[in-house]
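Worksheet: one structure, shown below.
These values consider heavy atoms only, across backbone and side chains, with no hydrogens, waters or symmetry-generated copies.
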Amino acid sequence: MKQLAFLIFLLPIAVAGQSTTSYDQVMEKFQKFYNAGHGDSINAMFGHEWDQMKSSTTLWTNKSNDDLLKEFGFLKSYKFIGIDTSDPNRVYVFETRFSKKGAKTTSLTLDSDNNLSTFRFITISDGITKLLKKSRRSR
């Protein structure tokens, strides 16, 4: 009985750990593709919900990626700062640092296959502002 209670206690921790790793892996791929100017590869990261490869207008193109690189610069680093609980979805929020624009926030959600479901290159909300304040206090 004690073992069952222990497993029930640890299950939410294990699930949260797995999902954070998945989000970090997606951000790592995004950083690699974004900095290389491969908007088409970013586009391919979206799941079937968006099915960007078959869409007549895509969210990411090599041209739009180049435009963002010119404006924001390279994505130098990212750090997971928390989940925006003010959003109805589990939106994972990262503090991102760009070579030209400095610190910004980027957020995303994943589908059940760990493909991008939503991606907000630059985002802000009341929930994200709270996460940023909390993250900066813990430094």
Side-chain angles (χ1 to χ4, degrees):
M1 186 64 172
K2 288 181 184 179
Q3 291 174 340
L4 180 61
F6 184 70
L7 285 173
I8 291 171
F9 174 73
L10 287 180
L11 185 62
I13 296 169
V15 170
Q18 290 171 343
S19 58
T20 301
T21 300
S22 299
Y23 286 84
D24 280 331
Q25 290 170 348
V26 168
M27 276 301 293
E28 182 179 353
K29 280 176 68 174
F30 173 80
Q31 180 182 29
K32 181 179 100 177
F33 293 147
Y34 171 77
N35 287 342
H38 295 191
D40 54 348
S41 296
I42 294 170
N43 204 55
M45 291 172 62
F46 283 86
H48 296 293
E49 182 178 312
W50 282 93
D51 217 354
Q52 284 296 296
M53 298 310 286
K54 296 177 183 175
S55 178
S56 60
T57 58
T58 56
L59 294 174
W60 285 87
T61 64
N62 291 342
K63 167 86 172 86
S64 64
N65 197 112
D66 288 342
D67 293 343
L68 290 169
L69 278 168
K70 287 176 187 165
E71 181 179 352
F72 289 88
F74 291 104
L75 176 54
K76 294 171 37 174
S77 65
Y78 60 89
K79 176 186 164 196
F80 174 72
I81 59 170
I83 298 170
D84 181 3
T85 56
S86 68
D87 193 292
N89 300 311
R90 278 183 72 84
V91 177
Y92 282 66
V93 181
F94 293 83
E95 183 173 13
T96 47
R97 295 209 172 265
F98 294 90
S99 60
K100 291 183 180 179
K101 294 287 186 172
K104 301 290 180 191
T105 51
T106 299
S107 63
L108 58 101
T109 61
L110 298 180
D111 65 16
S112 59
D113 295 325
N114 289 332
N115 294 311
L116 283 174
S117 181
T118 64
F119 187 86
R120 300 166 189 148
F121 183 68
I122 303 297
T123 188
I124 198 70
S125 71
D126 291 341
I128 291 171
T129 300
K130 289 177 186 174
L131 287 172
L132 281 170
K133 287 179 183 176
K134 182 179 176 184
S135 173
R136 290 181 179 142
R137 276 186 295 215
S138 67
R139 287 184 189 171

Quiz item: Does a side-chain heavy-atom distance below 4.5 Å link F119 with V26?
Solution: no
Quiz item: Counting N and O atoms only, with roles assigned by atom type, does the side chain of N43 sit under 3.5 Å from a partner on the main chain of T61, one being a donor and the other an acceptor?
Solution: no
Quiz item: Roughly how far, to the nearest 0.5 Å, is CZ of F46 from OG of S117?
Solution: 8.5 Å
Quiz item: Atom OG of S107 and atom CD1 of I83: how far apart are they, to the nearest 0.5 Å?
Solution: 12.0 Å
Exercise. Measure across M45 and K29 and return the closest heavy-atom pair with its distance rounded to 0.1 Å.
Key: CE-CB, 3.9 Å
Quiz item: Which distance, rounded to the nearest 0.5 Å, do you find between the CZ of F80 and the CE of M27?
Solution: 11.5 Å
Quiz item: Under 3.5 Å, side chain of T105 to main-chain N/O of E95, donor-acceptor pair present?
Solution: no
Self-check item: Sub-4.5 Å side-chain heavy-atom contact between L116 and L110
Solution: yes
Quiz prompt | Least distance between heavy atoms, R97 atom then A103 atom | solution = NH1-CB, 3.3 Å
Quiz item: When you measure from the side chain of D111 to the backbone N and O of D113, does any donor-acceptor pair fall under 3.5 Å?
Solution: yes
Exercise. Please round to the nearest 0.5 Å and tell me the distance separating atom CG of N62 and atom CG of L69.
Key: 10.5 Å
Quiz item: Got more than 12 heavy atoms from elsewhere within 6.0 Å of NZ, K100?
Solution: yes
Quiz item: For the atom pair CG (D87) and OG1 (T123), what is the distance rounded to the nearest 0.5 Å?
Solution: 8.0 Å
Quiz item: Less than 4.5 Å apart, any side-chain heavy atom of T106 and any of Y78?
Solution: no
Quiz item: Given side chains that start at C-beta, do those of Y92 and T109 come closer than 4.5 Å, heavy atoms only?
Solution: no
Quiz item: Distance-only, no hydrogens or angles: does the N35 side chain make a donor-acceptor pair with backbone N or O of F74 under 3.5 Å?
Solution: no
Exercise. Kindly compute the distance separating OG1 (T85) from CD1 (I128), expressed to the nearest 0.5 Å.
Key: 10.5 Å
Quiz item: What's the verdict on salt bridge (charged side-chain N to carboxylate O under 4.0 Å, His left out) for D66 and K70, showing C-alpha distance, side-chain angles and the deciding distance?
Solution: CA-CA 6 Å; D66 288 342; K70 287 176 187 165; over 6 Å; no
Self-check item: Heavy-atom check, side chain of W60 versus side chain of F30, under 4.5 Å
Solution: yes
Self-check item: From I81, L108, L132, residue fulfilling side chain to side chain contact (heavy atoms under 4.5 Å, CB included) relative to V93
Solution: I81
Quiz item: Can you check whether I42's main-chain N or O pairs, donor with acceptor, with Y34's side chain at less than 3.5 Å?
Solution: no
Quiz prompt | Ion pair R120/D84, N-O distance below 4.0 Å | solution = no
Quiz item: Do F98 and I122 have side-chain heavy atoms sitting under 4.5 Å apart?
Solution: yes
Quiz item: Is any side-chain heavy atom of T21 less than 4.5 Å from a side-chain heavy atom of D24?
Solution: no
Quiz item: Are any non-hydrogen side-chain atoms of S86 and K130 less than 4.5 angstrom apart?
Solution: no
